[in-house]
Amino acid sequence: GQSIVISGVFSLHSRDEYKEMIEKNGGKNVGSVSKSTSFILAGDNMGPSKLEKAQKMGVRIVDENEFLTMLSK
């Protein structure tokens, strides 16, 4: 039931694959950062405006490996 923003370029899976993983595990893929965002799945070259907004709002930023570890638990 978490709202997750995907931003950046990924090496392990495509953005579409991550969107599918989020949805299969009951999460919701959202396009913009807000107070209701659970966390951001961040790849390389994450958008600077999303990063700045996330930092201001205190939204957690996780990388690919951390996200995949979260799914395996």
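- Across every non-hydrogen atom of Ser14 and Glu17, the tightest pair is N-OE1, 2.7 Å.
- Between the OG1 atom in Thr37 and the NZ atom in Lys28 there is a gap of 9.5 Å [rounded to 0.5 Å].
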Using a 3.5 Å cut-off and no angle test, enumerate the donor-acceptor pairs between side-chain atoms of residues 53-67 and protein atoms at least two apart in sequence or in another chain.
| from | atom 1 | to | atom 2 | distance (Å) |
| --- | --- | --- | --- | --- |
| Lys53 | NZ | Val33 | O | 3.2 |
| Lys56 | NZ | Glu52 | OE2 | 3.4 |
| Arg60 | NH2 | Glu66 | OE2 | 2.7 |
| Asp63 | OD1 | Asn65 | N | 3.2 |
| Asp63 | OD1 | Glu66 | N | 2.8 |
| Glu64 | OE1 | Ser11 | N | 3.1 |
| Glu64 | OE1 | Ser11 | OG | 3.3 |
| Glu64 | OE2 | Ser11 | N | 3.4 |
| Glu64 | OE2 | Leu12 | N | 2.9 |
| Glu64 | OE2 | Tyr18 | OH | 2.7 |

Decide side chain to side chain contact (heavy atoms under 4.5 Å, CB included) for Met70 and Phe39; before the verdict, give the C-alpha distance in whole Å, the side-chain angles of both, and the deciding distance to 0.1 Å.
-> CA-CA 12 Å; Met70 290 164 69; Phe39 62 88; 3.5 Å; yes
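- Contact record, Ile6 with Arg15: O-NH2, 3.1 Å, taken as the closest heavy-atom pair.
- The CD1 atom of Ile40 sits 12.0 Å away from atom OG of Ser3, with the distance rounded to the nearest 0.5 Å.
- The shortest heavy-atom contact between Ser7 and Gly47 is OG-N, 3.2 Å.
- Residues Phe10 and Val30 fall into different hydrophobic clusters, defined by Ile, Leu, Val, Met, Phe, Trp and Tyr side chains chained together at heavy-atom separations under 4.5 Å.
- Once rounded to the nearest 0.5 Å, the distance linking CD1 of Ile4 with CD of Glu23 reads 10.0 Å.
- Both Leu41 and Met21 are part of a single hydrophobic cluster, where members link through side-chain heavy atoms under 4.5 Å apart.
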